[in-house]
Each structure stands twice: as C-alpha cells, then as structure tokens.
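Read through the structure below, which is laid out as structure tokens, and then see the notes.
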Amino acid sequence: MVTILGIESSCDDTSAAVIRDGLLLSNAIASQKVHEEYGGVVPELASRAHQQNIVPVVDAAIKRAGIDKSEISAIAFTRGPGLIGSLLVGTSFAKGLSLGLRVPMVEVNHLHGHVLSHFVRQHPDDEVPRFPYLCLLISGGNSQIIMVRNYNDMQMLGQTIDDAAGEAFDKCAKVMGLPYPGGPHIDRLAAEGDAHRFNFAKPHIPGLDYSFSGLKTSFLYTLRDAIKSDPDFVENNKADLAASLQRTIIEILLDKLKLAVKQTGATQLAIGGGVSANSGVRKAVADFCAERGIKAFIPERAFTTDNAAMVAMAGYFKYLDKEFCPYDAVPYARVSI
Ligand code: KG4
C-alpha cells in the first residue's frame, strides 16, 4: 500500500492531499482572499498566508483521509514553477515533515501535476487517459499544447509567446472593472451576452504557438474608442463584451488544438489548468471531440485550479519509480515541461 501526502504552494492556494494507491482520499485547499483588493497576487503576502495556512491544511488533509501520519509513505511537493517565496514555504515544510516522519520526499513539476490531474481517481472504476494523449494546459501563467507519452515523458508542441489565456481573461476583465481574477466573472457574464456583437483581433502565429496580447490590445482599443462617445459603454454592454471576448479566446485555443490533433492523429484529448473551468471552453472542447470521435477528458472544476491532489498523483508515479528528492533541493521559479 502506497500513501502519498501531496503539498502545493506555488501561487496563492495552499493545498494538501492524500492519495492511496492512486485513489484520492482527501484534498484540502485554503485560498487567499488577501489579494483581492490589489487586483492580483502580491507575492510577499502570498508567502505569509502560506505560512499561516500550511499546518492546518496538512492537518485537515490527513484527518479527512482518515489516516494516521505514520501511514504516509512519501511526501510529494511542488518544487516549481511558481512564486519563489510561496514555493519555499511548501518545500521547507515538506523537508521538515519528511525528516520528522523518516519518509522520502518526491519533487513535482507543477505543470506535470496539471497534466497528470486526469489520473486522480475518486472511485476505482473512474476512467483515466491512455498514453499517448494530447493535453491543453491553460492557466493564469501557461497556455500549452503537450503530447503526453508517459508519466514522465511529455513534449511541448506549442506554447504562448506572450500572455497566457488566463491573463487575457483577467486583464480584459480588469479594464471592465471586474474583480480579480476576472476569468470566472467573464464566464458568468458571457452566459447572458451576444458572443457575436463585437469582433476582436485574432493572432496569425505559425505552428502550434499561441499569442493573446494582440487580443488584449484590440479589446482595450475597442473600449477606449467607445467610451469617448458613451462613458457608460462598459456598464451597458458588459455581457456582450464578455461573451465576445470569451468566444474569441475559445476560437484562438481551438484553432491550434485542431491543428495539433491533425498533426498528431491524437485520439484522446485532455484539458487542465484554471481556464479549463470555463463553461465555453469545456463545451467547445467536448463538442469538437464528439464531432471527431476523440475521447475527451474534462476535469471536475475542483481539479482545474491549483490543488495538491494532482501533486500527490504525479508524486505517486515518481515514488513507484523510486525517484526521490535530496534534502538540498531548492525551489525554482521557472521551468518547462
Ligand atoms: O491554474 P490556475 O488556478 O493558476 C494559475 O496559473 O495562476 O489558473 C488561474 C486562472 C486565472 O487566470 C483565472 O481567471 C482563470 O484561471 N479561470 C477562469 C475560470 N476560472 C478560473 N477563466 C475563465 N473562466 C473561468 N470559469
């Protein structure tokens, strides 16, 4: 029996989870409200909040799993990429607990965690992807198309050359005066709006790379010009602006995804990361896959944003391969797949 405690602290969510033989026993998350008034994550405040949250969150994960800490086989933690101060809290905690419990540590690349989140099973008969599969990873910091050949063998086929999809949602939402993070607010407003009312610029980037900064500029200019003649333009057109923005982001995402499926002949497609919680993105991917006879893996909303369940899962596979981490390991802010 292998029991992994996972710890995630790469950005502004402190999370701990317990996985036993690949099955999820618990997943506790403490989100940080402190950033809301600043319109974005403030790194130093995030580190301090992680310090306050980590003990109660780990404690809650162990209690909810119904296990004793002596049953833990290894501790998996996110080593990067992310905010260095935040990562330092999780990494240091993992080291201390690992020494105290005399169990090994396993380091996890946060992006691998998102990709492997589809292997987190809550019931033994939950379906998981078969290798190889294509994964669209879309979050606040990443927009990537990845070919997943094995647990530890992933190839990035394309990625954003500027902003990530989540940033496009958040930055456009910010100029509309919506709270941070704006993605969920755009999603909610878009449900009531006319998605074809406004047209925004779409990028012409060759290959499988993404770009979202042109869309952001085009959105900004549309608002700036319209506000000149109608100061209440944004207020009066919120839903249509949100729906048109969301449609454009989905079209950009899907264009490259379709190309990737064509180029690779993939028969399974998974999505992950915060933006995969978006209703429009979920529907567009599900429709595209149904049309082409491709098996779609769309995560439960709870597993789209940062969570330790995916970290524990990625750590479980490494544990099976006996890939342990030394005590002098330090976090890293940037790393690729
Ligand atoms: O993966 P994630 O939790 O962490 C970061 O990479 O930071 O992703 C957060 C991103 C934010 O940009 C947020 O606006 C976006 O995911 N997001 C959404 C939705 N829920 C979260 N974007 C659009 N629609 C949503 N429903």
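Quick caveat, the model's predicted, so the values are computed rather than measured. What you see below is based on every heavy atom in this structure, not just the backbone, and it leaves out hydrogens, waters and symmetry mates. Ligands are counted one by one from 1 in listed order, and the atoms in each one are counted from 1 as well.
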Check each N or O atom of ligand 1 against all protein N or O atoms and list the pairs under 3.5 Å, with atom names and distances to 0.1 Å, one per line.
residue, atom, partner, partner atom, Å
ligand 1, 1 (O), Gly274, N, 2.9
ligand 1, 6 (O), Ser139, OG, 3.2
ligand 1, 6 (O), Gly140, N, 2.9
ligand 1, 6 (O), Gly141, N, 3.4
ligand 1, 8 (O), Gly140, N, 3.3
ligand 1, 12 (O), Gly166, O, 3.3
ligand 1, 12 (O), Asp170, OD1, 3.4
ligand 1, 12 (O), Asp170, OD2, 2.6
ligand 1, 14 (O), Asp170, OD1, 2.6
ligand 1, 14 (O), Gly183, N, 3.2
ligand 1, 24 (N), Gly183, O, 3.4
ligand 1, 24 (N), Asn278, ND2, 3.0
ligand 1, 26 (N), Asp187, OD2, 2.8

Legend entry - Linked hydrophobic residues, Ile161 as query - side chain contacts closer than 4.5 Å: Ile205
Inset, instruction - Step through it carefully: locate the ring centre of Phe119, locate the ring centre of Phe131, and say whether they are under 6.0 Å apart. - result: yes
Inset, instruction - Could you note down all residue pairs passing side chain to side chain donor-acceptor pair (under 3.5 Å) where residues 37-46 supplies at least one of them, sequence neighbours left out? - result: Glu44-Arg48
Inset, instruction - For the pair Arg121 and Asp126, find out whether any cationic side-chain nitrogen is under 4.0 Å from an anionic carboxylate oxygen. - result: no
Legend entry - Other ILVMFWY residues reachable from Leu5 by side-chain steps of under 4.5 Å: Ile7, Val18, Leu25, Ile54, Val55, Val58, Ile62, Ile67, Ile72, Ile75, Phe77, Val89, Phe93, Leu97, Leu99, Leu101, Val103, Met105, Tyr327
Inset, instruction - Could you verify whether a donor N or O on one side chain and an acceptor N or O on the other, from Thr3 and Arg20, lie under 3.5 Å apart? - result: yes
